[in-house]
Number of protein chains: 2
Amino acid sequence: MSITDNTGSRAGRRLGYLFKHAGMLMSERNDAALVPFGIDPRELGVLIVIDSYEPASQQQVAERIGVDRTTMVAMLDALQAKGLLSRRPDAEDRRRNVVELTPAGHDILGRATAASDTAEEELLAPLSPEEAGQLRELLGRIVARG
Amino acid sequence: MSITDNTGSRAGRRLGYLFKHAGMLMSERNDAALVPFGIDPRELGVLIVIDSYEPASQQQVAERIGVDRTTMVAMLDALQAKGLLSRRPDAEDRRRNVVELTPAGHDILGRATAASDTAEEELLAPLSPEEAGQLRELLGRIVARG
DNA sequence: TATTGTTATACTCTATAACTATA
DNA sequence: TATAGTTATAGAGTATAACAATA
């Protein structure tokens, strides 16, 4: 088997296909799991990042998630309209908005994260716990490296 | 560690985030690797599927890739305009188009697949060969299960 | 001059509905 | 009636350019 022959030619074994379809299956499960909380998976990601780094500016949140700051505006508008976060001018640099979770935001974050954890477990059901952990670790190494 | 605590609350450890960003990194490398061949990763996927199943109808190709048949039309238009595949009415059922690779399509398929294999190897560089194989196997099991 | 948040705009990818030709 | 391919259209998600406020 040559060095360029490790995948065969089948489309279903290509990494691009596998990442895309694994992500689609994860999205479907996460979408369903989060319906009771009135948020979608992207919004949960925003809540998690804010919780991990608050107080943070809008741009810092956008960078952590990997979207443009102009994309972040509408996401934060939606979450603020749902009462899950607040924006206020940074006293030290009034160009910035400090973004923080409200009590309702913390509540939804905790329960939605638990529901999403369950959705992940369901997707990983074909794997043993050891394999699930290794999958997460291997993906983490690839994404960390870029 | 509780059953719902296996991922922690960090956004970077969520499966949805990992799949999405791993896919984005793969796309970047594949995009660059395929520039010399004048096709993008989605088009390579179409060529691979046609090569694996020809003669096939447009709808069969669409189903194999997981897109709607209306989406397939423009993809095939582009690949046909590049001279990489041909469409002809199925003699047995003239509602169908039989889609086949041209000689140029076979040539591009072979060289583009090799370039994409190299791109995959580069993305997986942080992993040992054994780990790379296991990642592919674990992803394949998840996607196969749905 | 440079940066943050914002708005307007446009682009990519995809699906739904409706049409046609064939079955 | 039902199906394969096509077209028109619309929606989701994203980015780029330009602007106001602030540094």
Side-chain angles (χ1 to χ4, degrees), chain A residues 16-17 19-21 23-28 30-31 34-35 39-46 49-50 53-81 85-100, chain B residues 16-17 19-21 23-28 30-31 34-35 39-46 49-50 53-81 85-100:
Chain A
Y17 178 91
F19 288 144
K20 179 176 180 178
H21 285 260
M24 286 169 59
L25 293 169
M26 184 76 266
S27 286
E28 287 172 13
N30 266 333
D31 284 340
L34 296 180
V35 164
I39 62 176
D40 63 33
R42 285 157 58 249
E43 292 177 323
L44 176 57
V46 173
V49 166
I50 294 172
Y53 297 101
E54 68 182 342
S57 73
Q58 297 188 188
Q59 191 150 202
Q60 286 170 329
V61 175
E63 285 166 1
R64 284 282 175 182
I65 291 186
V67 299
D68 193 85
R69 73 191 204 274
T70 64
T71 303
M72 185 54 52
V73 175
M75 289 180 176
L76 296 178
D77 286 348
L79 288 166
Q80 187 171 23
L85 59 80
S86 65
R87 284 192 267 207
R88 60 180 171 79
D90 184 334
E92 295 180 1
D93 183 346
R94 301 217 314 273
R95 293 173 303 182
R96 299 184 175 216
N97 276 344
V98 173
V99 183
E100 290 168 313
Chain B
Y17 178 92
F19 288 144
K20 179 176 180 178
H21 284 260
M24 287 169 58
L25 293 168
M26 185 75 266
S27 286
E28 288 172 11
N30 266 334
D31 283 340
L34 296 180
V35 164
I39 62 175
D40 63 32
R42 284 159 57 249
E43 292 177 324
L44 176 57
V46 174
V49 167
I50 294 173
Y53 297 100
E54 68 182 343
S57 73
Q58 296 188 190
Q59 191 149 202
Q60 287 170 328
V61 175
E63 285 165 3
R64 284 282 176 182
I65 291 184
V67 300
D68 192 87
R69 73 192 205 274
T70 64
T71 304
M72 185 55 52
V73 174
M75 290 179 175
L76 296 178
D77 285 348
L79 288 166
Q80 187 171 23
L85 58 81
S86 64
R87 284 192 267 207
R88 58 178 173 80
D90 185 333
E92 296 179 0
D93 182 345
R94 301 219 313 274
R95 294 173 303 182
R96 299 184 175 217
N97 275 343
V98 173
V99 183
E100 291 167 312

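Keep in mind that what you see is a predicted model, and the values were worked out from it rather than measured. Lettering of chains follows the sequences in order, A, B, ..., and the numbering in each one begins at 1.
Residue A:Q58 has no polar side-chain atom (N or O) positioned under 4.0 Å from OP1 or OP2 of C:dT4.
Atom P of nucleotide C:dT16 and atom CZ of B:R69 are separated by 11 Å, given to the nearest angstrom. Here the P atom of nucleotide D:dT7 and the CG atom of B:D77 are 7 Å apart, to the nearest Å. The interatomic distance linking B:M72 (CE) with D:dT7 (P) rounds to 15 Å, in whole Å. A:I65 places its CD1 atom 16 Å from the C1' atom of D:dA15, with the value rounded to the nearest Å. C:dT3 atom P lies 14 Å from atom CD of A:Q60, rounded to whole Å. Going from atom CZ of B:R87 over to atom C1' of D:dA4 covers 12 Å, rounded to whole Å. Rounded to an integer number of Å, the gap from B:Q80 CD to D:dG5 P is 13 Å. Nucleotide D:dT7 holds its P atom 11 Å from the CG atom of B:N97, rounded to whole Å.
Every residue two or more places apart in sequence or in another chain was checked for a ring-ring contact (aromatic ring centres under 6.0 Å, His included) with A:F19, and none qualifies. The salt bridge (Lys or Arg N to Asp or Glu O under 4.0 Å) check on B:R64 picks up nothing, with sequence neighbours excluded. Applying the side-chain hydrogen bond (donor to acceptor under 3.5 Å, both in side chains) criterion to A:E43, with sequence neighbours excluded, gives A:K82. A:D77 meets the side-chain hydrogen bond (donor to acceptor under 3.5 Å, both in side chains) test with A:R87; sequence neighbours excluded. Partners of B:E63 under the side-chain hydrogen bond (donor to acceptor under 3.5 Å, both in side chains) rule, at least two apart in sequence or in another chain, do not exist in this structure. In this structure, the salt bridge (Lys or Arg N to Asp or Glu O under 4.0 Å) partners of A:E100, at least two apart in sequence or on a different chain, are A:R88. Residues satisfying the side-chain hydrogen bond (donor to acceptor under 3.5 Å, both in side chains) test with A:T70, not counting sequence neighbours, are A:D68.
Judged by distance alone, the side chain of A:S27 and the main-chain N or O of A:G23 form a donor-acceptor pair under 3.5 Å.
Side-chain N/O atoms of B:T70 and base N/O atoms of C:dT16 include a donor-acceptor pair closer than 3.5 Å.
Backbone-only engagement by A:R96 is indicated by non-hydrogen atom pairs under 4.0 Å involving sugar-phosphate atoms exclusively.
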List, with names and distances, any nitrogen or oxygen atoms from the protein found under 3.5 Å away from nitrogen or oxygen atoms belonging to nucleotides 10-14 of chain C.
from	atom 1	to	atom 2	distance (Å)
C:dT14	OP1	A:K20	NZ	2.7
C:dT14	OP2	B:R42	NE	3.0
C:dT14	OP2	B:R42	NH2	3.1

Can you name the atoms? Protein N/O to nucleotides 21-23 of chain D N/O, anything below 3.5 Å, with the distance.
from	atom 1	to	atom 2	distance (Å)
D:dA23	OP1	A:R94	N	3.0

Residues B:Q58, B:V98; criterion side chain to side chain contact (heavy atoms under 4.5 Å, CB included); working and verdict
CA-CA 7 Å; B:Q58 296 188 190; B:V98 173; over 6 Å; no
